[in-house]
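Notes follow the structure.
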Amino acid sequence: MQKYQGLIVSDPKIMMGKPVIAGTRIAVELILEKLAAGETIEQILEAHPRLTREAIRAALAFAADALRSDVVYPINEAAK
């Protein structure tokens with residue numbers, strides 16, 4: 001079973017179907033953007049009281065699984 005089962009949901013009626021934390025409109029994308037921008041988990045939890053550490057870990061696990069299943073095509077900058 002996936003680590004984020006039940007914590008990450010996608011519904012076309014909520015945030016245009018983007019994966020969100022269940023029971024919220026907090027997108028996985030937003031959590032990743034905040035972490036990438038240097039925010040700490042504590043800062044994210046403070047800004048979004050409905051989030052939990054488990055939900056943030058679930059967002060990271062979901063993103064890792066999503067990337068694992070994608071095919072990535074490297075861009076060769078020298079071939080311009």
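Residue numbers run from 1 in the order of the sequence given. Below, each value reflects all heavy atoms present in this structure, side chains not excepted, and no hydrogens, waters or symmetry copies.
Atom CZ in Arg68 sits 4.5 Å away from atom CG in Asp65 (nearest 0.5 Å).
Identified under the ring-ring contact (aromatic ring centres under 6.0 Å, His included) test for residues 18-44, with sequence neighbours left out: none. Residue pairs that meet the ring-ring contact (aromatic ring centres under 6.0 Å, His included) test with at least one member in residues 4-37, sequence neighbours left out, are Tyr4-Phe62.
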Could you go step by step and tell me if Leu60 and Leu35 meet the side-chain contact (heavy atoms from CB on, under 4.5 Å) rule? CA-CA 10 Å; Leu60 291 170; Leu35 290 169; 3.8 Å; yes

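Heavy-atom minimum distance, Gly23 versus Arg50: O-NH2, 2.6 Å. Nearest approach of Pro19 to Ile8, heavy atoms of both residues: CB-CG2, 3.8 Å.
Glu29 meets the side-chain hydrogen bond (donor to acceptor under 3.5 Å, both in side chains) test with Lys18; sequence neighbours excluded. Legend: residues meeting side-chain hydrogen bond (donor to acceptor under 3.5 Å, both in side chains) with Arg53, ordered by chain and number and at least two apart, are Glu42. Applying the side-chain contact (heavy atoms from CB on, under 4.5 Å) test to Ser10 and every residue at least two apart in sequence or in another chain returns nothing. By the side-chain contact (heavy atoms from CB on, under 4.5 Å) test, Gln43 pairs with Glu39, Thr40, sequence neighbours left out. In this structure Ala63 satisfies the side-chain contact (heavy atoms from CB on, under 4.5 Å) test together with Leu32, sequence neighbours excluded. For Leu51, the side-chain contact (heavy atoms from CB on, under 4.5 Å) test picks out Ile21, Ile26, Ile31, Ile44, Leu45, His48, Ala55, Ile56, with sequence neighbours left out.
Membership of the apolar cluster around Val20 extends to Val9, Ile14, Met15, as traced through chained side-chain contacts below 4.5 Å between ILVMFWY residues.
The neighbour count for Glu54 CD, taken as heavy atoms of other residues, nucleotides or ligands under 6.0 Å away, does not exceed 12.
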